[in-house]
Amino acid sequence: MTFQELTQSIYINGSWEPIDTDQVETIYNPATLEEITKVAYGGADETKRAIKAATDAFPLWSEMTGRERGKVLYKAHELMMERVDYLAEVLTTEQGKPLAEAKGEVTSAAQFLLWYAEEASRAYGEVIPSATKGKRMLVIPQPVGVVGAITPWNFPSSMITRKLGPALAAGCTAVLKPAPETPLSAIEIFKIFAEAGMPKGVINLVTGDAKAIGQTLLESKDVKMITFTGSTAVGKYLMRESANHVKKISLELGGHAPIIVYDDADIDKATSMSLASKFRNNGQTCVCANRIYVHENIIDEFTTMLKEKVNKLKVGSGLDANSDIGPLINEQAIAKVKSQLEDAASKGGEIVTGGNAIEGAGHFFEPTIVAGATDEMVMMNEETFGPLMPIQTFTDEDAVIAKANDTDYGLAAYVFTENLSKAVRTAERLEYGLVGVNEIALAAPEAPFGGIKQSGVGKEGGHHGMDEFLEKKYVAIGIDEK
Ligand code: NAP
């Protein structure tokens, strides 16, 4: 099969099938705006066939032992690691992030497969001591069934394995809809799964019309669970619609992460980590710093050091080894950054560095710091998803924690301090699913990742991530005691 034939097909029941319509979607490189390829634009019919394949494959896959399922996941992990350079190049070409970051993401994606390959053998149940004689009580974990998985473009590789890894380990089968901007990483991952010996129908890939695919997944009684990563608005819609069949749901949604830097923080560490948190993936990360609160006593030193470091960042094509920051995903992303910046400037914000879109092909924007941020500014209340870093000063611990919590989002928050008591107090009082203390790298295959409030429900990663895909069946056994 040529690459073009492959991308214009969908993966159903173990084979790449050309779609029934002649509709295709063009995929562009956000660094050059050049066409990369065309991808199949599937809809309701393709999704129904994919659901049927996943439903038919469920008995076989769910009845295999965890060890047998783990072997397929382990092989897929090995193949991903063998191809890490190629997969990173595909990811950078369609998504834009620098190659080093893309390689890090593919490695992390493969690590999820490795971890869940091992975890597949560890879906433990429980034996409950009965309060009455003549009874034995068991809790048996069993896979939920067919899962509909929907992923975003900002992590085109790791968001897929973070869902499919635990789902498959648990014994579920799946239909995946990747983001329209970044289907190529998904196609490569499915090629790998096929080579790794995944039985036909266990995983199915439908690219195309989000609404039609989503609606078909939601309306099908055979789909027992929806797992989604993306915006809070779409997450709420999926949650509402899932109610019709009372489907299980796991949602990883938007964030609006605060960083609190106390005056006893290691400023070198706090500036480097704030920079890494904000500008990784060009600010297009759900857990990235969206607003920085810095203690008044250290604001000058912090801002000067941060500015020096930010000014060294090189913006350019992710395929260029010298680039630290790639393009934004599309024109709307640039427009959002511009509009938040204009709003901040009109309300007295001071641009410390950056502030401009970069002329030429590609969606490039300078990494930007805004000092004097106030609570009224849009960027202090909404997810930016771009390279804009607002800084506000504070003096009081209680007041800054209250501000950090004053949002409907609850995904990630960070605190920098060398004072252990202050670190523990703050971490415990922050209303977030994830808290970094002198640390910004939060995602790991072995740890539960997920938001609270309107940032989501459920966890991905760790044994908690596999629990999402398991029902706990209670079996009561009456026996004749001697
Ligand atoms: P999005 O617009 O919500 O899209 C996410 C996915 O949902 C895409 O594949 C999209 O396809 C699909 N979709 C949209 N409407 C749908 C519908 N009615 N039915 C079914 N699928 C539908 O989000 P995004 O802009 O791609 O991603 C950025 C957002 O994701 C940010 O808010 C970010 O914070 C969040 N995110 C969260 C996490 C986390 O772990 N909490 C991780 C990464 C990203 P179309 O584009 O074709 O509509």
Side-chain angles (χ1 to χ4, degrees), residues 23 25 27 39-44 47 94-95 97 105 108-109 112 148-163 175-183 185-186 205-220 223 226-242 247 249-257 280-290 328-330 332-333 336 382-386 407-413 432-434 442-444 447-461 465 468:
Q23 283 204 50
E25 186 148 40
I27 308 303
V39 166
Y41 195 77
T47 312
E94 65 178 346
Q95 198 271 349
K97 67 180 66 175
E105 181 185 336
S108 144
F112 277 102
I150 303 171
T151 51
W153 49 263
N154 61 343
F155 288 91
S157 183
S158 60
M159 293 300 106
I160 292 176
T161 58
R162 202 165 81 168
K163 292 189 184 306
V175 176
L176 174 79
K177 187 209 110 49
E181 296 85 353
T182 57
S185 294
L205 173 70
V206 186
T207 49
D209 181 346
K211 288 206 169 67
I213 298 168
Q215 207 51 40
T216 310
L217 291 170
L218 289 162
E219 281 172 7
S220 167
V223 176
I226 298 287
T227 171
F228 169 77
T229 298
S231 63
T232 296
V234 175
K236 285 181 181 176
Y237 166 79
L238 295 172
M239 196 171 192
R240 270 196 304 272
E241 294 293 310
S242 291
K247 289 186 199 300
I249 188 139
S250 166
L251 303 172
E252 296 289 345
L253 308 177
H256 179 42
R280 181 171 73 112
N281 202 12
N282 210 351
Q284 303 170 115
T285 305
C286 53
V287 290
C288 76
N290 217 58
L328 286 159
I329 191 72
N330 54 30
Q332 295 94 291
K336 190 170 186 190
E382 285 180 18
E383 190 179 35
T384 304
F385 243 53
T407 169
D408 288 336
Y409 290 111
L411 186 57
Y432 288 82
L434 311 160
L442 302 177
F449 185 104
I452 57 172
K453 294 158 68 178
Q454 294 189 23
S455 286
V457 288
K459 301 290 174 200
E460 292 188 340
E468 301 285 336

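Just follow the structure's listing: the first ligand is 1, and inside any ligand the first atom is 1.
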[atom]: nearest protein contact (heavy atom, Å):
| atom | answer |
| --- | --- |
| atom 41 (N) of ligand 1 | Leu253 O, 2.8 Å |
| atom 18 (N) of ligand 1 | Tyr237 CE2, 3.4 Å |
| atom 36 (N) of ligand 1 | Cys286 CB, 3.5 Å |
| atom 32 (O) of ligand 1 | Glu383 OE1, 2.8 Å |
| atom 2 (O) of ligand 1 | Ser231 OG, 3.9 Å |
| atom 33 (C) of ligand 1 | Phe385 CZ, 3.3 Å |
| atom 44 (C) of ligand 1 | Asn154 ND2, 3.3 Å |
| atom 11 (O) of ligand 1 | Lys177 NZ, 3.3 Å |

How far apart are the C-alpha atoms of Leu253 and Ser231, what are their side-chain angles, what is the distance that settles it, and do they pass the side-chain contact (heavy atoms from CB on, under 4.5 Å) test?
CA-CA 5 Å; Leu253 308 177; Ser231 63; over 6 Å; no
Ligand 1 contact by Thr151, heavy-atom criterion under 4.0 angstrom:
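For ligand 1, residue contact (heavy atoms, under 4.0 Å) with Thr151 is present.
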Closest candidate by heavy atom, reference [atom], pool [options]:
| atom | options | answer |
| --- | --- | --- |
| atom 30 (O) of ligand 1 | Gly230, Ala149, Ser455 | Gly230 |
| atom 15 (N) of ligand 1 | Ile226, Val234, Thr216, Ile150 | Val234 |
| atom 24 (P) of ligand 1 | Phe449, Trp153, Phe228, Phe155 | Trp153 |
| atom 40 (O) of ligand 1 | Met159, Glu460, Arg162 | Arg162 |
| atom 48 (O) of ligand 1 | Ala210, Pro152, Gly254 | Ala210 |
| atom 46 (O) of ligand 1 | Gly456, Gly433, Pro180, Ala412 | Pro180 |

Using the side chain to side chain donor-acceptor pair (under 3.5 Å) criterion, which residues pair with Tyr409? Sequence neighbours excluded.
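For Tyr409 there are no side chain to side chain donor-acceptor pair (under 3.5 Å) partners, ignoring immediate neighbours.
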Show me which atoms of ligand 1 lie under 4.0 Å from any heavy atom of [X].
| X | value |
| --- | --- |
| Ala179 | 9 (O) |
| Leu411 | 41 (N) |
| Gly214 | 19 (N), 20 (C) |
| Thr229 | 5 (C), 36 (N), 37 (C), 38 (C), 39 (C), 42 (C), 43 (C), 44 (C) |

Among residues two or more places apart or on two chains, list those pairs meeting salt bridge (Lys or Arg N to Asp or Glu O under 4.0 Å) that have a residue in residues 452-461.
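Applying salt bridge (Lys or Arg N to Asp or Glu O under 4.0 Å) to every pair that reaches into residues 452-461, excluding sequence neighbours, yields Arg162-Glu460, Lys163-Glu460, Glu431-Lys453.
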With distance as the sole criterion, is a donor-acceptor pair present between the side chains of Lys97 and Gln284 under 3.5 Å?
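Lys97 vs Gln284: no donor-acceptor pair found between side chains.
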Under 3.5 Å, is there a donor-acceptor pair between the Thr207 and Glu25 side chains?
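No - no donor-acceptor pair under 3.5 Å links their side chains.
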So do Pro152 and Met159 actually touch side chain to side chain, heavy atoms under 4.5 Å?
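Yes, their side chains come closer than 4.5 Å.
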Approximate separation, where rounding is to 0.5 Å, of [X] [atom1] and [Y] [atom2]:
| X | Y | atom1 | atom2 | value |
| --- | --- | --- | --- | --- |
| Ile329 | Asn154 | CD1 | CG | 8.5 Å |
| Ile150 | Ile160 | CD1 | CD1 | 12.5 Å |
| Lys211 | Tyr237 | NZ | OH | 8.0 Å |
| Thr407 | Asn290 | OG1 | CG | 9.0 Å |
| Lys247 | Glu219 | NZ | CD | 9.0 Å |

Glu105 versus Phe155, closest heavy-atom pair with distance:
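Taking Glu105 first and Phe155 second, the nearest heavy atoms are OE2-C, 3.0 Å.
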